[in-house]
Structure formats: C-alpha cells, structure tokens
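In what follows, every chain begins at residue 1, and chains take the letters A, B, ... in the order their sequences are listed.
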Amino acid sequence: MAASRKAGLSGCSFIIFSKTARSNLQQRLRSTSTRFHSSDSGDGQPPKFMPPPKPVIVDKTQAEATQRRFLSPEFIPPRQRTNPIKFVIERKDMIQRRKVLNIPEFYAGSILAVNVADPYANGKTNRFVGICTQRSGKGLGATFVLRNIIDGQGVEICYELYNPQIHQIEVLKLEKRLDDNLMYLRDALPEYCTIDFNMKPVPHPANGEVPVNQLKVKMKPKPWSKRWERPKFKIQGIRFELTLSEEKMEEAKKWDQPWLEFDMLKEYDTSKIEKQTWEEVQREMSK
Amino acid sequence: MALLRKGLGFLLTHASGKSQQLPFSHSAACAAIQKMSRVRVVDNSPLGNTPHHRPAKCIHVYNKTGVGKVGDKILLAIKGQKKKALIIGHKMPGPRMMPRFDSNNVVLIEDNGNPTGTRIKVPVPSSLRRLEGEYSKVLAIAQKFV
C-alpha cells in the first residue's frame, strides 16, 4: 500500500517535473517563434515556421588528437616476475616525454618521417622517411624500425620512441597491413619499400577505423632471409603462389604447431590492464 | 641441410650490381665484416667495378677484435691483388639509431687514407662524420648521408 502510494507520489512528482520542463521548453520555443514573428511582421502573410537551429556538438577536448581509442602497445607491460613499481615509474616517465614530444598513433605498415638530432648535419637535424616494418619493446625502450630503399640500397633504422635525440615523429600515411611484422619486405621486390623522401602527408580521418591495406607482396626468388612460408610466422601478406609450388607449401605445413594457440600457460589477457592504463594515460595527459 | 637445399649455379640475390652465376651455394650474411666475408665495393673505382669471376673478400681487419664495423679499415683481396678499404655499412644491426644496410658496403682506399674512386652513390651513415680528420676525403666524395 505504502509502496504503491510512494510509487504514485513519485509518479506525480515526475509528471509535474516533466510538465514544468515542457512548459519551459514551450516558453522558449514561443520566444524564438515570436522573434521570428517580429522579423517577418512586414509581410501580410503568415510567416513560415522556421524550426530552431539544431545544436552542433563539437568535441573540442580532443580537437587535434585522434578520437580513436588507441593505446600505444609499449604501455602494456609484459607478463613477468618484475615488481609492478617498475612499470608505474616507467609509465610516468613515458607520459612525461609524451607531453614534450607528440608521439602519434601508427602501426606496422604506416609511412613515417623522423627528425633526429645530428651534430654533423647542417641544421643539426637529420630526416629519414620510411615504412614502419615492426614495433617492438615495452616501456621506455620501445622501438620501431623504418625501412626505405635509397639509390637502390636498402636502409633500415631502428629508432627508440622515447629517445631524447628525436625531435619530431610525423605520420605521412596511416595504415595497417595484413601482418604485424613486415620483416619479409627485406626479401620482397624493392618497389614495395621505396618511399619518396619528399612525400606529402596523406590526410587520414581522426575517427573510425584505420584503413587496412590488403596488399599482397611479390617476393624476390628464394633463398630468403627467413623461411617465410612456414606457419610459425603466420604471414598473410605474401603472394606465395608466384614463387612456391603446392608441394613446397604442403611441406612447409609440416612445421605447423597447432597446439600452441590452446596452450593455457601462454594465455595473457590484457583487457583489464589496457583499460586501466588507458584511463591513467588519459588522466595524466590532460593534466 | 642448407647446402642440400640450395642448388648449384645460384644467382647472387643481394644487390651486388653484378648478376653473376656463383658456382657454390651460400648463406645470407648477417654478421659484421671479418676474414673471408664477401663485400660489395660501392665507389666508382675501376678496380672495384670491373667484373671478376671471384667476389672481393676481406682478408684482414685492422682492429683489436677481428670484427669490422662501420668506419674500420680492412684489407681486401680483389682481382688477385691486396687493397685497403673502409667499411661504410654492414648488414649486422648495430647501435639503435644507426642505419643498417642490406649489403656490406666498402670503399677502396690508399695507404694514406685517400679514396681510390671519385664518387660514392650509395647512402653513407652520418656517424662516419666523426672520422673528419682521417677520412675527410672519403666523406667529401660521398653524395648522400643517411
């Protein structure tokens, strides 16, 4: 009984509240319509109803930075028997460095340009443009390898993300590839790694999915630096049918270890750690 | 196993500039330059560029350790003669911010440090500029610094 009365009362109060809100809204609307009324009072005809302009909500808190939820992979600590204080301190230092230098979001397969301090170059900075072949390392020692072919000579430079010698990291083209590790580009035809030094940055959308380049690369004739056809590398981005026959592909499957994906001791669920680290990073960066 | 897999008469896949049929099988180089390692001469000297049936090989490294890195002087055996050379880049990954090349590049040099060729078209690591005093003439003929 009491519960129903309470419910009735709360129901009444809710209705009243909504009534007042509705009347407020109507008053506001009336005022706008009267404003429009007054502007059109010159015509003898009834003025056309002009609906009020829709409010445009612009998320100005993340104007320049991407509104995609991207946590750089070096923030996620490896599953080790180290003291967690080490990772806390490292994250603090990483965030401090990121406040000084903008380290953009990029993946293996994106084209980057890096300006490094060089005492011997004129202008004191050295610029290198290349395609990112891999991102490795955790914490402050995180690295990424840029590859380019200059004057017919393949050059790879492994840059440390948090090295103070780096003046600027610029993403010229943001995209993903079919694999995380593009080491096989060393044995691919040189056309896939030649990147123009004066390439113009390709504008990429701040929201939405990162485009995945479905390119399958043609390789040089064997021997390769590694046997990329073996299942342990799990490569999707090579056109094997051009260099390898069906028998070779079948022979490569002999090295498959399908039980590895079901190994429970190798399981590492990073979803909670990612969420916590993401919130921490957002909090610290906005300070 | 590797020898059985690769047959005879294999093309040198690494960018050596010469498409020669080597009558032996070889593995990919992944170390710095030491004795018996084949190198690629990158300047435009006639000794380095005339084709020969044998590649240029390192026979001595002028170093306390026998391993040559960028900026070390080595002794090469080219076309049946001995010649000194300077290592410009190698395939082995080195210090983090240094470039790693896809071939072991070398520039022919005289005993006093003067280069034999007149131009180096291949990119050269800018860390070589610390050798400004000794090999300044080699740096002068380099066209592109990485």
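Within a 6.0 Å radius of NZ in B:K84, more than 12 heavy atoms belonging to other residues, nucleotides or ligands are found. At most 12 non-hydrogen atoms from other residues, nucleotides or ligands lie less than 6.0 angstrom from NZ of B:K121. Other residues, nucleotides and ligands place no more than 12 heavy atoms under 6.0 Å from the NZ atom of A:K218. Atom CD of B:Q81 sits in a crowded spot, with more than 12 heavy atoms from other residues, nucleotides or ligands closer than 6.0 Å.
Of the atoms belonging to B:M97, heavy atoms from both backbone and side chain fall under 4.5 Å from chain A. Of the two parts of A:R147, only the side chain, counted from C-beta on, holds a non-hydrogen atom closer than 4.5 Å to a non-hydrogen atom of chain B. With a 4.5 angstrom heavy-atom cutoff, A:Y159 touches chain B via backbone and side-chain atoms both. Contact of A:V116 with chain B is made through the side chain alone, with heavy-atom distances under 4.5 Å.
Using a 4.5 Å heavy-atom cutoff, the side chains of B:D102 and A:V155 are not in contact.
Inspection of non-hydrogen atoms places A:E160, A:N163, A:Q165, A:I166 of residues 160-176 of chain A under 4.5 Å from chain B. Taking 4.5 Å as the heavy-atom cut-off, none of the residues of residues 78-98 of chain A approach chain B.
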Q: Could you give me the CA-CA distance, side-chain angles and deciding distance for A:I157 and B:V146, then say whether side-chain contact (heavy atoms from CB on, under 4.5 Å) is met?
A: CA-CA 9 Å; A:I157 309 189; B:V146 166; 3.7 Å; yes

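Applying the salt bridge (charged side-chain N to carboxylate O under 4.0 Å, His left out) definition to pairs two or more places apart or across chains, none involves residues 123-140 of chain B. The salt bridge (charged side-chain N to carboxylate O under 4.0 Å, His left out) pairs that include a residue from residues 63-74 of chain B number zero, where partners must be two or more places apart or lie in different chains.
With no hydrogens or angles considered, a side-chain donor-acceptor pair links A:Q153 and B:N105 at under 3.5 Å.
Nearest heavy-atom pair, B:K144 versus A:I150, reported as atom, atom and distance to 0.1 Å: CE-CG2, 3.6 Å. Here the closest non-hydrogen pair linking B:R96 and A:T143 is CD-CG2, 4.2 Å.
Ranked by non-hydrogen atom pairs under 4.5 Å with chain A, the options B:P125, B:S126, B:S127 are led by B:S126.
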